[in-house]
Amino acid sequence: MTEYVSNDEMAGWQCGHCHIPLVIKPVQIEYLGSAFPVDLPVCPQCGLVFIPESLALGKMAEVEKSLEDK
Ligand SMILES: [Zn+2]
């Protein structure tokens, strides 16, 4: 599985509601009608999924590009 988030990038992230560290979990995200399993930081208590800017911007653009190429 592709890792979108490095441990270094994860350092210091915590849930804004629970104020506890986030954990990396496989999450199914949907984009342009397709579902992609990615490892994302999730709050183990309330289940909030944190989507990093690198994924929301850069990686999503890559996903969109790879779809268009096909
Ligand atoms: Zn939480």
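Just so you know, ligand 1 is whichever comes first in the structure, and atom 1 is the first atom listed for that ligand.
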Joint cluster assignment, I20 & V42, ILVMFWY side-chain distance < 4.5 Å: no
Closest approach of P44 to P21 (non-hydrogen atoms, all atoms of both residues): CD-O, 3.6 Å
SG (C15) to the Zn ion (ligand 1) to SG (C43) angle, given to the nearest 10 degrees: 110°
Where D39 and P26 come nearest, the two heavy atoms and their spacing: OD1-CA, 3.5 Å
N/O/S from H17 sitting under 2.8 Å away from the Zn ion (ligand 1): no
SG (C46) - the Zn ion (ligand 1) - SG (C18) angle, nearest 10°: 110°
Non-hydrogen atoms of L22 and P41 that approach each other most closely: CD1-CB, 3.7 Å
